[in-house]
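Bear in mind the structure is a predicted one, so any value in this text is a computation, not a measurement.
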Amino acid sequence: MPETHHPATTSATTVLHVGGVLRASSHRVLTTALLRRPGVLAVDTNPVAQTATVTYDTARTSVADLRTWVQECGYHCAGRSVPNHLCDPLSEPPSSGATAQAHGPTGHQHGSHAAMSMDDMARDMRNRFLVALVFSTLVMLWSPMATHMLGLHLPVPFGLRMDVWALILSLPVIFYSSTIFFTGAWQALKAHTLDMMVLVSVGIGTGWLYSLYVTLTGGGEVFYEASTMLAAFVLLGHWFEMRARGGANDAVTTLLDLSPPKAVVVRDGTEIEIPTADVAVGDTLLVRPGAKIAVDGTVIDGSSDVDESMVTGESMPVHKEPGSPVIGATINTTGSLRVQATKVGSDTALAQIVELVQQAQNSKAPGQRLADRAALWLTLVALAGSVTTLVVWLLVGASLSRALLFAITVVVVTCPDALGLATPTAIMVGTGLGAKRGVLFKNATALEDSARVDVVVMDKTGTLTKGSPEVTEVVPAPGVDTGRMLALAAAVERESEHPLAKAIVDYAKEHDALSLSATDFQNVPGRGATATVDGHRVLVGNRGLLDHEHVALGGLAQHRDDLAASGHTAVLVAVDGKAAAVIALADAPRPTSAAAVAALHDLGVGVVMLTGDNQATAQRIAADLGIDTVIADVLPADKADRIAELQRAGKKVAMVGDGVNDAPALARADLGIAIGAGTDVAIQTADVVLMRSDPFTVSTALRIGRGTVGKEHQNLAWAVGYNGIALPIAAGVFEPWGLTMRPEIAAMAMSGSSLIVALNALHLKRLPLPAPADQRRADGSPRNVGAD
């Protein structure tokens, strides 16, 4: 849950791009400042993504106010192309005539307040580091340390004293390279909080001001080299860290790049090319073969196949004709289409996906909240420990300069940046990895919960099965030609609207049966239908229909009973008063359902099938798929109770469903997973959304969750262990044994720790996952298409 003040009554949520959150621990500055503003209900900031999810009371404040308050905190609120119009509410369409806001996934915001991107910030950090490196090296060459350790005796230019020359050389480092630290510290103090910027500023500023005092008064030891080298090493670590953090946001960048920058629209009979951001609802788009569809819409003219794999994960192109819906950012493959725009900007499917990913990346899991609190306390420990170190060393008779050196080292080495990065970087990579595989985690808690699941409950119809009947077997009577019988039966069923009728017609078509016409069609409610086909009276229906017509089943009776007992629907066909065949129909499993169950078993996860169907039908499906447990004959209202029973038995339960009647069970489960083709209610209730109706993806979601939590634990263990070891060394506890640390070395250690945490999280991208849908056979095994 986000940090919050009180529940919202008339609330809305927006994702703001917040440029300038330089350090992982700096997010508390913005969070604390915004929560003090009227109408702000909850704030989740993400220093890795440079975004903040803000929930606010629409009756008390607006996004314009939020943007102003962000800028008052010292941060930018513009400059990155995101589908939620940067600082506009996600739920509101852009106003016509807006000039500064982007209108879609490809829109860009311009203006004097444009925020730097992560790349721009990294370049700025590099420049500051290079300046600090050059001048701190010069300071070092003319320092007493160089004289004592390296034997260098460089003449001081212009006849200046060595300390005065070092002061002059330190000025670019203090007044250019280090200004970001001092500015950040001031922002934190204004927000009545503490962060890493405060600690670094104390370390650099104290050492430099003390040295300045000694230089002006004459006499005593100076350590300009410590202050300048400290700044250089912190900037170096920060530069590398920012480059690593930029890689954690690849998923959102990739999604944003899917949308085309331009669209061809037809206005007043003329084809014109305009920015996608300017497409309006109702516009007619011309989509040529090979072009991307700019926005969501409906085909009004033309026929083609559209590649939707980049959005839905569907590997095969989907045929489109007039009336068919199309999704923005998908690729038209063959024919030309005219599409009427129905959703633009933040309302498009792609924008909603990006919004979901951003909100998940910004949300905080319980583990991250604990780390945030620990980072705040660690900052207090660093300041208190620094003062204690100074006092203790003075009490044991050390000089002020020596005691101050130890105190500064304690401040620097205890910076909580690694602790602040430990979980958000892993969550960024994990949610991004899921998005690339069509698995959308709605929040960080869902990501962590997926790692703890030990039982997956799957709804049968529409999840494990296709949700529509198919012919599974045809048993003709002795001497009956199967092809002829199918042609006669299909002619009758073509006149019917029953779902079973369509399945029989499709089966006959697949098996090249003749297309015949029926006359004298008569529907017999509850029993079937009769008609005259090619001069023959044909009956197609259940046993009640044939009994009513006094048709004996003969040898087909046993086949009919066996099929019914195994959970099939048995449709009987009679021709001219004689039983001709039994056609078995069933809701067929999805091609990857068996592989999905096997993949979950490989993870040590039990699988339960939950269905309202009868026990025989459920057991047949379960046997085919290798499912452990079957819970059948369950009313929709009772599904949530069955989930609760498993939870009372000590199980961490994930529920996978697609229908309205699954929503209570999805909400009751520890983790609700909605199949992408499911209803809006199911998708809104679930914690995880599978973009493709492929149950195999459930195991992918669990693997990503386990991998992410594993990286979080590794990062937290490293961050805590590093501080536990480094703090006593920095304080000089082991000085009698010759083990000490100078501020610049502490800066290297602190920056290195943060970099290790970021790189370890990025290693999650190499997590072994099952091959994507278009690289996998129906049994789940990968095709030979190269490395995944």
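- When side chains are defined from C-beta on, Phe406 counts as touching Thr740, because their heavy atoms get closer than 4.5 Å.
- In this structure, the side chain of Thr14 does not engage the main chain of Val54 through any donor-acceptor pair within 3.5 Å.
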* Where do Thr228 and Phe135 land on the side-chain contact (heavy atoms from CB on, under 4.5 Å) test, with the steps shown first? -> CA-CA 8 Å; Thr228 54; Phe135 284 94; over 6 Å; no
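- Side chains of Trp718 and Val757 form a contact here, defined as non-hydrogen atoms less than 4.5 Å apart.
- Here the closest heavy-atom approach between residue Gly732 and residue Pro736 is recorded as O-CD, 4.2 Å.
- Under the 4.5 Å side-chain criterion, counting only non-hydrogen atoms from C-beta, Leu404 is not in contact with Trp393.
- Applying the side chain to side chain donor-acceptor pair (under 3.5 Å) criterion to Asn760, with sequence neighbours excluded, gives Lys711, Gln714, Asn715.
- Tested against Thr389, the residues Val410, Val411, Val733 include a single side chain to side chain contact (heavy atoms under 4.5 Å, CB included) partner, Val410.
- Residue pairs meeting the side-chain hydrogen bond (donor to acceptor under 3.5 Å, both in side chains) criterion with at least one partner in residues 196-220, sequence neighbours excluded, are Ser170-Trp208, Thr215-Tyr224.
- What you find for Tyr176 and Asn127 is that their closest heavy atoms are OH-CB, 3.9 Å.
- Taken to the nearest 0.5 Å, the CD1 atom of Ile704 stands 7.0 Å off from the CZ atom of Arg437.
- In this structure, Ser386 contributes its side chain and Ala382 its backbone to no donor-acceptor pair below 3.5 Å.
- Using a 4.5 Å heavy-atom threshold, the side chains of Phe182 and Ile204 count as touching.
- Inter-residue side-chain proximity for Val413 and Met741 is flagged as met; some heavy-atom pair is nearer than 4.5 Å.
- When atom types are taken as modelled, the side chain of Arg452 and the backbone of Glu448 share a donor-acceptor pair closer than 3.5 angstrom.
- Under the 3.5 Å distance criterion, the side-chain polar atoms of Arg706 are matched with a main-chain donor or acceptor of Leu603.
- Here the closest heavy-atom approach between residue Asp687 and residue Asp670 is recorded as OD2-O, 4.1 Å.
- The closest side-chain heavy-atom distance from Val200 to Val412 is not below 4.5 Å.
- Atom CG of Asp65 and atom CG of Leu34 lie 11.0 Å apart (nearest 0.5 Å).
- Distance OG1/Thr55 to CG/Asp44: 8.0 Å, rounded to 0.5 Å.
- Between Ala451 and Val709 the shortest heavy-atom distance is CB-CG2, 3.6 Å.
- Looking at every heavy atom in both residues, Ala446 comes nearest to Leu671 through O-CD1, 3.6 Å.
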* To do: Kindly determine whether Glu221 and Arg402 satisfy side-chain contact (heavy atoms from CB on, under 4.5 Å), including the steps that lead there.
  => CA-CA 9 Å; Glu221 181 183 357; Arg402 183 170 177 77; 5.9 Å; no
* Any chance you could lay out the side-chain contact (heavy atoms from CB on, under 4.5 Å) test for Asp163 and Val214, step after step, and finish with the verdict? => CA-CA 9 Å; Asp163 59 342; Val214 171; 5.6 Å; no
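- For the atom pair Ile745 CD1 and Thr409 OG1, the distance stands at 9.5 Å (nearest 0.5 Å).
- At a threshold of 4.5 Å between non-hydrogen side-chain atoms, the residues Ser177 and Phe129 do not count as touching.
- Note: Leu209 CG to Ile174 CD1 = 8.5 Å, rounded to the nearest 0.5 Å.
- For the pair Leu405 and Pro743, the minimum side-chain heavy-atom distance is below 4.5 Å.
- For the atom pair CG (Leu739) and CD1 (Ile729), the distance works out to 4.5 Å, reported to the nearest 0.5 Å.
- Side-chain N or O atoms of Ser178 include none that pairs as donor or acceptor with a backbone N or O of Ala231 at under 3.5 Å.
- The side chain to side chain donor-acceptor pair (under 3.5 Å) test applied to Arg128 returns Asp124, Thr179, not counting sequence neighbours.
- Using a distance-only test at 3.5 Å, with no hydrogens or angles considered, a donor-acceptor pair links the side chain of Asp454 to the main chain of Lys652.
- In this structure Trp165 satisfies the side chain to side chain donor-acceptor pair (under 3.5 Å) test with no other residue, sequence neighbours excluded.
- Minimum interatomic distance between Ala132 and Ser136 (heavy atoms only, all atoms of both residues): O-OG, 2.5 Å.
- Applying the side chain to side chain contact (heavy atoms under 4.5 Å, CB included) rule to Ala701 yields the partners Val439, Phe441; only residues at least two apart in sequence or on another chain are considered.
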* To do: Quick one: do Arg742 and Glu225 satisfy salt bridge (Lys or Arg N to Asp or Glu O under 4.0 Å)? Show the steps, please.
  => CA-CA 11 Å; Arg742 287 183 58 84; Glu225 74 282 359; 3.3 Å; yes
* To do: List the steps, then state whether side-chain contact (heavy atoms from CB on, under 4.5 Å) holds for Thr708 with Val429.
  => CA-CA 8 Å; Thr708 302; Val429 177; over 6 Å; no
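- Here Thr183 pairs with nothing under the side chain to side chain donor-acceptor pair (under 3.5 Å) rule; sequence neighbours left out.
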